[in-house]
Amino acid sequence: MPSLLRRLADLGRSDDDVTAGELRDAATAQGCRPIAPGTDREIVSVAGTIIAVTLRPRATVPALVATVYDGSVSVQLVWLGRRRIIGIEPGAYVKVTGLLCHPEGHPTIFNPAYELVAQHGR
């Protein structure tokens, strides 16, 4: 019955809001919590969908950057010295753990530990 009530409540929400709620639920199922405002210099675990992947070529060291969205906030994942990581691509669902910081005001985790996760229902 709770599933029916939830579906009825979803009728008045936009598709983006429903998707965000599903991502938050999936992250909770992975043992992750949304990042609280003001969280900085703490080890966090984030689970979500990769929405973008870019390569930042540098004169010294390349950096692979992925943006993951957990239904509440987008976090940049930066792997220094990497040009590509198999499985890290838009649409993939990942769980990452690392030290959260805010260079230039954006939530960022450098060189996170990651796990590709099969998301139920997808």
Side-chain angles (χ1 to χ4, degrees):
M1 191 63 146
S3 176
L4 176 62
L5 293 175
R6 180 170 189 149
R7 290 185 191 275
L8 288 173
D10 286 348
L11 290 177
R13 297 172 36 194
S14 72
D15 288 345
D16 288 342
D17 289 340
V18 171
T19 300
E22 290 171 352
L23 283 171
R24 286 189 299 271
D25 291 347
T28 301
Q30 291 295 322
C32 300
R33 292 178 292 177
I35 296 172
T39 302
D40 193 29
R41 299 283 173 192
E42 293 181 32
I43 301 290
V44 298
S45 291
V46 177
T49 300
I50 296 175
I51 57 174
V53 178
T54 58
L55 174 64
R56 289 188 190 161
R58 307 267 178 171
T60 55
V61 176
L64 181 67
V65 180
T67 303
V68 66
Y69 179 62
D70 71 352
S72 61
V73 68
S74 293
V75 178
Q76 286 190 340
L77 311 174
V78 180
W79 286 276
L80 300 171
R82 302 295 298 264
R83 295 183 186 279
R84 180 165 163 34
I85 298 173
I86 294 174
I88 300 298
E89 57 192 36
Y93 191 81
V94 296
K95 179 178 178 181
V96 299
T97 301
L99 182 69
L100 182 76
C101 58
H102 290 82
E104 300 176 11
H106 302 290
T108 303
I109 302 173
F110 288 93
N111 297 316
Y114 70 95
E115 174 185 355
L116 296 171
V117 179
Q119 192 177 7
H120 294 290
R122 289 200 173 185

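With rounding to the nearest 0.5 angstrom, the OG1 atom of Thr67 is 9.5 Å from the NE2 atom of His106. Between the CZ atom in Arg56 and the CH2 atom in Trp79 there is a gap of 12.5 Å [rounded to 0.5 Å]. Annotation: the span from Thr97 atom OG1 to Ile43 atom CD1 amounts to 8.5 Å, rounded to 0.5 Å. The structure places OH of Tyr69 at 15.5 Å from CD1 of Ile50, a figure rounded to the nearest 0.5 Å. The distance from the CG atom of Leu80 to the OG1 atom of Thr60 is 9.5 Å, given to the nearest 0.5 Å.
Two residues are said to be in side-chain contact when any heavy atoms from C-beta on lie closer than 4.5 Å; Cys101 and Asp40 meet this criterion. Using a 4.5 Å cut-off on side-chain heavy atoms (C-beta onward), Thr108 and Val78 make contact. Counting only heavy atoms from C-beta outward, the side chains of Ile88 and Leu116 approach each other to under 4.5 Å.
Scanning both residues, Ala47 and Asp70, for their nearest heavy atoms gives O-CB, 3.2 Å. The shortest heavy-atom contact between Ser74 and Pro107 is O-CG, 3.8 Å. Taking all atoms of both residues into account, the shortest heavy-atom contact from Arg83 to Leu64 is O-CD1, 3.7 Å. Nearest heavy-atom pair across Gly81 and Val61 is N-CG1, 3.3 Å. Ala52 approaches Pro90 most closely through the heavy-atom pair CA-CG, 4.5 Å.
Other members of the cluster containing Ile86 do not exist, because no ILVMFWY side chain is joined to it at under 4.5 Å.
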